[in-house]
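Have a look at the structure below, then the notes.
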Amino acid sequence: MRKFIALALMLLTLTAFGQQTTDVYSGSFQNTAIEQVINDIEGKLSYTFYYKKEWIDSLTFSGNFSNTPISEVLTTIFDGTTIRFYHDSKKVFLTNGIAIITTPEIVSDLLAQHSPQQAEQPAEETKELLFTKEYAGENQNNNDLENFVFEVGSRAQFEGGASSTMVGYIKDNSTGEPIEGALVYSGNKAAVTGPDGFYSLNLTNGRHEIQVQFTGMKRTKRKIILFSNGRFDIDMEVDVIALNEVIVEATRRANIEQVNTGIERLNVEDSKTVPAVLGEKDILKVATTFAGIQTVGEGAAGFNVRGGKSDQNLFLFEGATVYNASHFLGFFSVFNSDALEGMNVMKSGIPASYGGRLSSVFDISAKTPNKEEVTVEGGISSVTSRLTAEIPIIKEKASLLASGRLTYSNWILETIDHSDFKNNKVNFSDFIVKYDHQINQENRVSLSGYLSEDKFRLNSDTLFSFSDFSYANKMATAKWSRRFNATFDASLSASYSEYDYEFESTQLEKNAFGQDYGIREFGAKLDFNKDLQSPHQLNFGLEAKRYDINPGTKFPIGSESVAGSISLNPEQGIEGALYVSDNHEINDKLSLNYGLRYSFFTYLGPGITNLYLDDAPKNPDTKTGEIIHDKGDFIETYHGPELRFAARYLLNDNSSVKLSYDRSRQYLHALSNSASLSPTDLWRLSNEYIEPQVGDQISVGYYRDFLNGEYETSVEVYGKKLSNLVDFKTGADFLLNDRIETIALQGPGKSYGVEFSLKKDGRLNGWFNYSYARTFIKLDGSFDEETINNGSYFPTNYDKPHTINLVSNYEITTRFSVSYNFVYNTGRPITFPTGLYELNGIEILNYSDRNEYRIPDYVRMDIGLTLKWGHRLTKGSHSFWSVSVYNVLGRKNAFSLYFDLDDGEVQGYKLSVFGSAIPTISYNFKF
């Protein structure tokens with residue numbers, strides 16, 4: 001009816017068409033409500049505007065006019081909105097989302113759709129589009145959104161056979177919050193929404209059906225007629241029954257459509273039915289069930305991605321770097337999953353906007369808090385209590401997320417079999433806060449903060465050999481997002497990250513001491529996105545980071561202590577990069593994404609460079625002197641290009657092949673004697689002697705969906721060439737070592753493998769992955785102490801050729817489901833003693849080549865049960881009980897093997913973290 005009234009108004013004024021006034025207008029506005037702008041025009045020019053207030057009550061305008069013709073003023077004011085206008089003499093008629101046609105034959109043709117007596121007149125064809133047939137057989141009730149036909153763009157700009165770009169936002173209709181990672185597609189054209197829910201889709205002008213999918217939301221569709229470039233927003237509804245399922249539906253078609261290989265999108269809901277250790281749902285632990293992502297053992301901190309070291313993964317939380325992502329000796333991640341939106345895992349085909357690590361990127365985002373109503377979510381388990389609240393501050397504009405988690409996990413140490421952790425204490429906590437403010441349609445500001453802390457009280461004969469230990473993560477991010485128009489947006493962010501630890505050994509007062517370490521990172525990033533319409537979409541920007549490292553200090557504790565004081569010289573460095581990439585759609589089948597990142601790093605003074613004999617290995621005995629550098633001196637600089645390329649070719653609607661290549665540089669290194677990251681690892685910078693690590697990876701994949709997307713399969717083959725990998729001399733000790741170059745070794749490495757993945761949707765859902773992965777390193781120095789295994793390639797201590805993961809969830813009823821998790825890994829390499837000899841009356845073990853043997857294979861099976869309450873949408877609260885049994889087979893999997901001499905005999909020992917089944921129960925709620 002509203003469309004008919006608008007058309008009738010236009011028809012009444014057609015006799016005056018071409019007689020519009022030449023009035024001019026002057027005015028200046030800054031974020032002024034458009035209604036006030038209209039009032040000003042009416043007052044100065046004696047105009048009358050006809051419109052409904054609800055059409056414009058949320059619109060604002062900023063701009064200046066000086067003796068500007070009124071037609072130009074109106075065009076400027078309503079540019080980028082859904083408002084259309086027609087003015088004649090002193091009258092201006094506004095419509096909302098309805099194209100205003102001023103050509104008589106077209107108006108007549110449109111009226112024929114609403115006038116039965118004219119319906120039989122011959123249809124006029126204008127610019128190749130039959131207006132009288134556009135809506136034939138369609139539902140004209142705009143309350144039935146999936147069958148209503150929407151117009152996008154301007155009819156006046158329609159060109160038959162041409163392409164246009166449709167942009168818009170995908171949002172949750174219940175909260176108004178943007179949905180990141182939603183798949184928007186029509187035919188072979190697809191797009192994935194960004195953090196602000198924004199998408200851009202290039203389509204041929206004409207009729208289309210738009211499909212939108214996302215985990216935990218009801219799949220929705222919209223019928224549109226695309227006339228020209230335009231904006232089209234879509235709201236999605238929560239699928240409450242699917243709220244706690246493992247659903248991969250949102251990424252099904254993205255698996256085929258997206259250009260890059262090796263990318264996984266993990267939604268928090270995916271983690272809620274995967275049986276987890278000690279009942280704590282953990283999005284990062286679920287990631288280890290994906291192909292190509294491993295850990296070196298039970299409870300180990302850090303990941304090994306496609307044969308990479310655990311320090312070669314970039315963990316980002318709201319854009320800030322995470323240096324230690326584990327709680328409680330690696331059993332939990334440092335994030336409360338209730339406060340998270342999701343995570344993007346990039347194993348290859350890494351976009352040019354990311355850099356600084358060789359193996360992968362884990363980009364973790366916090367929830368955008370609800371701006372409509374207060375929501376509270378939490379849970380109680382045998383390990384932790386957690387609570388997350390979303391609080392509107394200014395309705396529909398600003399909101400706050402606050403989340404906290406506390407543990408009472410000391411009892412767990414009593415259950416660890418064959419370990420020295422009994423009678424010790426451990427606790428941890430973490431807190432997340434995020435403020436989000438939608439200033440207007442173009443500007444958005446968010447502020448995020450994170451704090452976590454772990455504290456231990458350990459006996460002096462444990463793995464750590466000290467009494468009190470604590471470590472903490474601190475992060476903060478501020479981000480401003482600006483959308484200049486439908487095709488151009490930018491974001492500016494600043495971040496701060498800090499990781500530090502401290503331990504105290506107080507068992508003996510005479511030798512009591514404390515030791516600490518810390519790293520701080522300050523970062524800034526400016527990122528731009530420009531849609532050049534078909535077929536190019538550009539992303540470009542720059543970022544910079546500064547590192548400040550305290551390599552370690554040692555200090556006596558108590559007046560009786562005779563422990564000496566040690567303080568290593570601090571380290572400083574700056575890292576920066578410029579990047580640009582282009583998503584180039586060659587045609588409906590072939591798409592390319594190519595880019596270049598140019599990075600640089602400078603090791604800054606003050607500092608000391610040790611000098612050594614030219615023809616001798618670097619060790620304390622060959623040191624000849626030192627150079628002292630002043631504050632701000634450029635001690636050493638590295639730089640170089642990082643090429644990124646990806647290609648996708650659609651074989652048909654259900655399958656595609658992809659190819660990617662990326663080069664990365666890493667200027668930061670974690671020094672560790674273990675295969676996994678541990679709380680006492682030291683991050684150190686590239687310097688005069690430690691060169692940046694460089695990696696080149698090529699990946700090829702085949703992707704296919706079966707049975708209308710119910711089954712999703714993929715096979716990826718990859719190969720890596722690595723340079724300057726960091727390892728250590730035998731017996732190296734890097735704690736409080738100010739001459740790291742005397743113990744560190746660098747050499748080339750190589751990794752290769754194949755990954756097979758099968759995902760299933762439906763009542764029985766989940767995924768199966770198999771990976772074959774090998775990784776080797778070669779340490780062939782100029783001197784014997786710098787050469788390992790005779791200079792030949794040998795497996796790294798995280799080389800695990802075969803990995804199998806099976807995760808499944810079966811929904812028996814809408815309230816009751818069972819889940820299952822199976823894991824198999826080849827045992828990791830280890831160095832064994834192979835003989836015993838005596839030298840000067842001292843018995844000495846003789847060891848094999850490094851990493852010549854392997855520990856036993858790892859096998860584990862977990863089961864879980866979930867009982868949901870209040871799953872109906874109309875119910876104000878939702879809750880579920882979760883029962884899980886971790887390691888249901890009670891298998892004593894070896895974390896490590898170690899050896900000792902006992903009365904002249906070599907005795908071997910196996911350390912098993914969990915040697916029995918671990919049952920847990922947790923209660924989770926949301927209201």
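Excluded from the calculations below are hydrogen atoms, water molecules and symmetry mates; all remaining heavy atoms, backbone and side chain alike, are included. The chain is numbered in sequence order, starting from 1.
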Salt bridge check: are [X] and [Y] linked by an N-O gap of less than 4.0 Å?
X: Asp799; Y: Arg774; result: yes
X: Arg648; Y: Glu257; result: yes
X: Glu209; Y: Arg222; result: no
X: Lys189; Y: Asp588; result: yes

Keeping [X] on the side-chain end and [Y] on the backbone end, is there a donor-acceptor pair under 3.5 Å?
X: Asn229; Y: Thr165; value: yes
X: Lys720; Y: Arg306; value: yes
X: Gln312; Y: Lys309; value: yes

Handout entry: Ring centre gap for Phe335 and Phe317 strictly below 6.0 Å
Key = yes

Practice task
Would you please indicate if the ring centroids of Tyr772 and His802 are separated by under 6.0 Å?
Solution key: yes

Please examine the side chains of [Y] and [X], heavy atoms only from C-beta on, and report whether any two atoms are closer than 4.5 Å.
X: Thr289; Y: Trp767; result: yes
X: Phe488; Y: Asp531; result: no
X: Leu806; Y: Asn821; result: no
X: Leu203; Y: Ile210; result: yes
X: Asn769; Y: Glu755; result: no
X: Ile586; Y: Leu592; result: yes
X: Glu318; Y: Leu316; result: no
X: Asp662; Y: Leu643; result: no

Indicate whether the side chain of [X] and that of [Y] have a donor and an acceptor atom separated by less than 3.5 Å.
X: Ser660; Y: Asn260; value: no
X: Ser333; Y: Asp282; value: yes
X: His584; Y: Tyr594; value: yes
X: Tyr579; Y: Asn539; value: no
X: Asp696; Y: Tyr661; value: yes
X: Tyr703; Y: Glu716; value: yes
X: Asn805; Y: Tyr824; value: no

Handout entry: Phe540 vs Asp527, side-chain contact (heavy atoms from CB on, under 4.5 Å): CA-CA, chis, key distance, verdict
Key = CA-CA 6 Å; Phe540 56 95; Asp527 185 80; over 6 Å; no

Handout entry: Closest contact, heavy atoms only, Thr193 versus Ile179
Key = OG1-O, 2.6 Å

Handout entry: Phe198 six-ring centre to Arg483 NZ/CZ under 6.0 Å and within 45° of normal
Key = yes

Practice task
Measure from NZ or CZ of Lys759 to the centre of the six-membered ring of Phe290, then state whether that distance is under 6.0 Å and the direction lies within 45° of the axis.
Solution key: yes

Problem - Partner of Ser655 by side chain to side chain contact (heavy atoms under 4.5 Å, CB included), out of Val657, Leu651, Asp653 - result: Leu651

Practice task
Report the residue from Val807, Ile863, Asp862 that forms a side chain to side chain contact (heavy atoms under 4.5 Å, CB included) with Tyr820.
Solution key: Ile863

Practice task
Could you please spell out the steps behind the salt bridge (charged side-chain N to carboxylate O under 4.0 Å, His left out) verdict for Lys367 and Glu377?
Solution key: CA-CA 12 Å; Lys367 283 182 178 178; Glu377 184 174 4; 2.9 Å; yes

Practice task
Take Val823 and Ile804 through the side-chain contact (heavy atoms from CB on, under 4.5 Å) test and state the conclusion after the steps.
Solution key: CA-CA 6 Å; Val823 183; Ile804 295 174; over 6 Å; no

Exercise for the section: Using the salt bridge (charged side-chain N to carboxylate O under 4.0 Å, His left out) rule, take Lys218 and Glu237 through it: C-alpha gap first, then chi angles, then the decisive distance, then the call. Expected result: CA-CA 6 Å; Lys218 292 181 180 179; Glu237 297 181 15; 3.7 Å; yes

Practice task
Mind telling me whether Phe150 and Phe148 have parallel, tilted or perpendicular rings, with 30° and 60° as the class edges?
Solution key: perpendicular

Practice task
Before giving the answer on side-chain contact (heavy atoms from CB on, under 4.5 Å), spell out for Met343 and Asp363 the whole-Å C-alpha distance, their side-chain angles and the decisive distance to 0.1 Å.
Solution key: CA-CA 5 Å; Met343 175 174 66; Asp363 193 358; 6.0 Å; no

Completion exercise
Residues passing the side-chain contact (heavy atoms from CB on, under 4.5 Å) test with Asn313, sequence neighbours excluded, are Phe303, Val305, Phe315, Ser359, Ser360, Phe362

